[in-house]
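This report concerns only the one structure given below.
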Amino acid sequence: MLELTYLRNNAAKAAKGLAKRNINAETIISDILRLDEQRRQTQTELDAVLAESNALSKSIGQLFQQGKVEEANAMKAKTGELKEKSKELHNQEEQARHALDNLLVTLPNVPNEKVVAGNGADDNEVVSTVGEIPTLHADAKPHWDLADDYKLISFDLGVKITGAGFPVYMGKGARLQRALINFFLEENQKAGYEEFLPPHFVNAASGYGTGQLPDKEGQMYHMQEDDLYAIPTAEVPITNMYRDEIVDVNSLPIQCTAYTPCFRREAGSYGKDVRGLNRLHQFDKVEIVNICHPDKSYQLLDDMVKHVEMLLQKLELPYRILRLCGGDMGFTSALTYDFEVYSAAQEKWLEVSSVSNFETFQANRMKLRYKGDDGKTHLCHTLNGSALALPRIVASILENHQTPEGIRIPEALIPYTSFEWIS
RNA sequence: GGAGAGAUGGCAGAGUGGUCGAAUGCGGUAGUCUUGAAAACUAUUGAUCUUCACGGAUCCGGGGGUUCGAAUCCCUCUCUCUCCGCCA
């Protein structure tokens with residue numbers, strides 16, 4: 001949620017920024033500012049009425065103590081009028097506030113100045129391309145065939161026991177999965193991230209805190225009986241650990257990493273790019289989350305990008321980094337870098353990581369603040385990134401490292417798999 | 001699933017209708033002392049909204065009610081804990 005004070009002081013700038021998302025926000029922002037003004041005015045009036053009524057009550061109390069019952073009773077009559085007035089003003093204030101909030105939650109984050117305008121994936125900027133795209137042998141196959149040949153993943157078993165999009169990993173496929181999770185967690189820890197193992201279900205307040213609710217309600221699995229949501233990413237439980245907290249400025253940046261399975265309904269995305277591991281309802285991911293001082297967030301974003309690059313290099317995968325355009329960026333993000341790995345067998349780029357700075361957008365919803373040197377509370381900045389999401393990493397390892405003799409495990413991963421080849 | 005207890009500031013924990021934004025302790029911050037630190041002592045220390053400012057308003061789990069006045073009384077919801085049962 002955007003900060004009201006920001007909108008008050010930067011209305012034109014915000015509208016200009018949001019235009020990069022193809023959103024015409026001028027009307028809605030002016031509506032917000034009008035409601036805000038109205039609400040504040042009502043509150044000032046209300047406060048005055050309440051102050052008067054408080055003063056009256058106090059003197060009534062004193063009169064009673066002095067035994068001046070008649071005088072006290074006379075004053076009581078006055079309070080009725082004030083009470084009615086305050087009730088009315090209170091309702092007005094509440095109405096204005098709700099209307100204001102309802103508008104405010106519809107606005108996505110204002111993109112950073114580096115973000116270019118654009119409609120979708122085609123307008124993203126390629127920041128860099130690293131690594132060599134391997135030339136595969138003649139019989140090279142896509143990962144779904146390799147997974148089948150080497151008995152690594154069964155999509156059919158998943159369909160049998162759960163449904164489409166819930167694969168079963170087995171044998172070296174399952175072990176590769178476990179190895180990657182450990183590899184990522186270890187590397188993240190070495191980079192300064194503390195490891196967590198959070199719950200895989202969260203309450204509605206958490207969904208709201210990180211911005212999945214009310215925006216993307218339909219994308220999460222919901223357990224009606226207990227009103228819990230299956231997490232779509234570890235970002236949700238991890239960031240929400242700090243919801244409603246005022247953290248010590250010296251404890252910043254707070255750096256967390258967590259492995260969790262991720263559950264996504266992917267409603268409406270059937271048909272395209274869903275083959276094999278490309279799009280799943282349940283997948284594994286190791287996430288990194290940063291909570292930091294506003295002055296440090298863009299430096300941290302760069303650090304996170306470098307960290308993810310290092311992971312991909314250790315896995316010997318060719319990748320490119322995209323800076324997302326306004327139209328392709330998530331609702332809560334101010335600046336997002338996507339990482340794509342090239343699959344030589346599918347002959348296309350696969351998104352494997354998304355690293356974002358949310359600035360105060362999430363922190364404002366969550367009331368995640370720090371106490372500054374000025375003694376006042378300020379909103380923190382939050383960032384997160386995948387380091388990394390497994391399915392497409394597995395797909396690209398299988399596809400890019402395949403040889404006629406089998407699939408070669410990258411050097412850095414061997415200590416974790418304890419096997420060097422899948423054959 | 002059954003029974004009971006509870007929810008107060010960063011934490012612990014008092015407070016059963018007005019003088020309570022709330023005792024006390026711990027923690028935090030600053031100072032005195034010290035070569036430095038510790039200890040001791042002294043002072044200070046909640047959040048949100050609003051106002052140019054002085055100030056004002058709100059907040060004792062959430063919501064509603066009684067009352068001139070509610071942390072305190074009533075209703076309701078949510079959550080937590082304890083015991084019993086079941087169980088990995």
Side-chain angles (χ1 to χ4, degrees), chain A residues 1-9 32-104 197-209 213-214 222-229 237 240-252 254 291 360 363-380:
Chain A
M1 191 155 65
L2 290 170
E3 293 175 81
L4 256 181
T5 46
Y6 168 81
L7 286 177
R8 260 180 231 157
N9 301 324
I32 285 172
L33 293 180
R34 185 176 44 75
L35 278 165
D36 174 47
E37 176 120 23
Q38 191 184 319
R39 190 202 69 78
R40 274 150 60 204
Q41 199 181 335
T42 312
Q43 195 194 334
T44 310
E45 281 176 50
L46 172 63
D47 284 357
V49 171
L50 287 173
E52 195 180 344
S53 152
N54 285 345
L56 267 178
S57 289
K58 208 165 195 175
S59 33
I60 288 172
Q62 280 165 359
L63 287 173
F64 270 122
Q65 271 174 351
Q66 291 162 16
K68 299 177 182 168
V69 179
E70 265 179 47
E71 277 180 63
N73 283 332
M75 282 182 100
K76 273 193 197 179
K78 284 193 204 168
T79 61
E81 198 185 320
L82 287 174
K83 206 174 169 185
E84 204 131 301
K85 203 167 171 187
S86 76
K87 219 169 213 173
E88 192 185 311
L89 286 168
H90 181 261
N91 287 340
Q92 273 180 33
E93 196 269 347
E94 205 162 52
Q95 255 175 28
R97 205 177 55 228
H98 283 152
L100 187 59
D101 281 349
N102 286 340
L103 287 182
L104 217 44
L197 184 56
H200 300 164
F201 301 145
V202 293
N203 54 31
S206 295
Y208 183 81
L213 295 176
H222 180 230
M223 273 140 286
Q224 203 172 9
E225 202 156 17
D226 298 297
D227 194 22
L228 295 173
Y229 294 85
N240 273 285
M241 295 195 296
Y242 299 94
R243 169 156 47 84
D244 287 320
E245 295 284 333
I246 300 174
V247 298
D248 187 346
V249 69
N250 296 314
S251 68
L252 300 175
I254 296 169
I291 296 164
T360 60
N364 190 31
R365 285 190 174 208
M366 277 195 281
K367 298 286 166 276
L368 165 50
R369 294 151 295 168
Y370 68 93
K371 184 162 269 187
D373 295 329
D374 55 1
K376 290 182 184 163
T377 61
H378 305 276
L379 293 171
C380 297

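We use all heavy atoms of the structure for the numbers below, so side chains are in, but hydrogens, waters and symmetry mates are not. Sequence lines set the chain letters: A, B, ... in the order given, protein chains first and strands last, and positions in each chain run from 1. The structure presented is a predicted model; accordingly, all values stated were derived computationally and were not measured.
As rounded to whole Å, 7 Å separates atom P of B:U50 from atom CG of A:Asp36. Between A:Asp47 atom CG and B:U50 atom P the separation is 10 Å, expressed in whole Å. Remark: P of B:U48 and CZ of A:Arg369 are 5 Å apart, rounded to the nearest angstrom. Counting to the nearest Å, the P atom of B:U50 and the CD atom of A:Gln43 are 6 Å from each other. Whole-Å rounding puts the A:Lys376 NZ to B:U48 P distance at 11 Å. Between A:Asn364 atom CG and B:U48 atom P the separation is 12 Å, expressed in whole Å. Summarising the geometry, the separation between NZ on A:Lys83 and P on B:C68 is reported as 6 Å, rounded to the nearest angstrom. At whole-Å resolution of the value, CD in A:Glu37 and P in B:U50 are 12 Å apart.
Distance check on atom C1': B:U50 versus B:U34 gives 48 Å, rounded to whole Å. Between B:C86 and B:G17, the distance separating the two P atoms is 45 Å to the nearest Å. Look at the C1' atom in both B:C79 and B:A23: the space between them is 28 Å, to the nearest Å. Nucleotides B:G21 and B:C59 are separated by 9 Å at their C1' atoms, to the nearest Å. B:G27 and B:C77: their C1' atoms are spaced 34 Å apart (whole Å). Separating the P atom of B:G31 from that of B:A38 is a span of 12 Å, rounded to the nearest Å. Nucleotides B:C75 and B:G6 are separated by 15 Å at their P atoms, to the nearest Å.
Within the nucleic acid shown, A:Leu50 comes within 4.0 Å of sugar-phosphate atoms alone, with no base atom in reach, counting heavy atoms only. If you check every strand for non-hydrogen atoms under 4.0 Å, A:Ser53 touches nothing. Among the protein residues, A:Ser57 comes within range of the nucleic acid bases, having at least one heavy atom under 4.0 Å from a base atom. Residue A:Arg39 is in sugar-phosphate contact alone, with no base atom involved, counting any heavy-atom pair closer than 4.0 Å across all strands shown. A:Asp248 comes within 4.0 angstrom of nothing in the nucleic acid, heavy atoms only.
Judged by Watson-Crick or G-U wobble contacts below 3.5 Å, the nucleotide B:G1 has B:C84 as its partner. Across all strands shown, B:U66 remains unpaired; no Watson-Crick or G-U wobble contact has both distances below 3.5 Å. Partner assigned to B:U72 is none, using Watson-Crick or G-U wobble distances below 3.5 angstrom. Across all strands shown, B:U35 forms no Watson-Crick or G-U wobble pair with both key distances under 3.5 Å. Nucleotide B:U42 has B:A30 as its partner under the Watson-Crick or G-U criteria, with both atom distances under 3.5 Å. Nucleotide B:A14 is matched to nothing when pairs are restricted to Watson-Crick or G-U wobble geometry with both distances under 3.5 angstrom. Pairing partner, B:U78: B:A7, with both Watson-Crick or wobble hydrogen-bond distances short of 3.5 Å. Summarising the base pairing, B:A47 is matched to B:U58 through a Watson-Crick or G-U wobble pair whose two defining distances lie under 3.5 Å.
Among the nucleotides B:U51, B:A47, B:A57, the one closest to any side-chain atom of A:Ala51 is B:A57. Of the candidate nucleotides B:U48, B:A47, B:A57, B:A57 has the atom nearest to the side chain of A:Asn54. Of the candidates B:G46, B:U58, B:C68, B:C68 carries the atom nearest the A:Lys76 side chain, counting heavy atoms from C-beta on.
Within 6.0 Å of the NE2 atom in A:His90, the count of heavy atoms belonging to other residues, nucleotides or ligands does not exceed 12. Other residues, nucleotides and ligands place no more than 12 heavy atoms under 6.0 Å from the CD atom of A:Glu84. Atom CD of A:Gln92 sits in a crowded spot, with more than 12 heavy atoms from other residues, nucleotides or ligands closer than 6.0 Å. Within a 6.0 Å radius of NZ in A:Lys85, other residues, nucleotides and ligands contribute 12 heavy atoms or fewer.
The only option from A:Asn364, A:Thr360, A:Asn9 that meets the side-chain hydrogen bond (donor to acceptor under 3.5 Å, both in side chains) definition with A:Glu3 turns out to be A:Thr360. Checking each of A:Glu45, A:Arg39, A:Arg40, A:Gln41 against A:Gln43 for a side-chain hydrogen bond (donor to acceptor under 3.5 Å, both in side chains) leaves exactly one that passes, namely A:Arg39.
Map A:Leu4 and A:Lys371 each onto its nearest nucleotide of RNA chain B; the residue landing nearer the 5' end is A:Lys371. Along RNA chain B, the nucleotide nearest A:Leu46 and the nucleotide nearest A:Gly80 are compared for position; the residue whose nucleotide lies closer to the 5' end is A:Leu46.
Counting heavy atoms from C-beta on, the side chains of A:Leu100 and A:Asp36 come closer than 4.5 Å.
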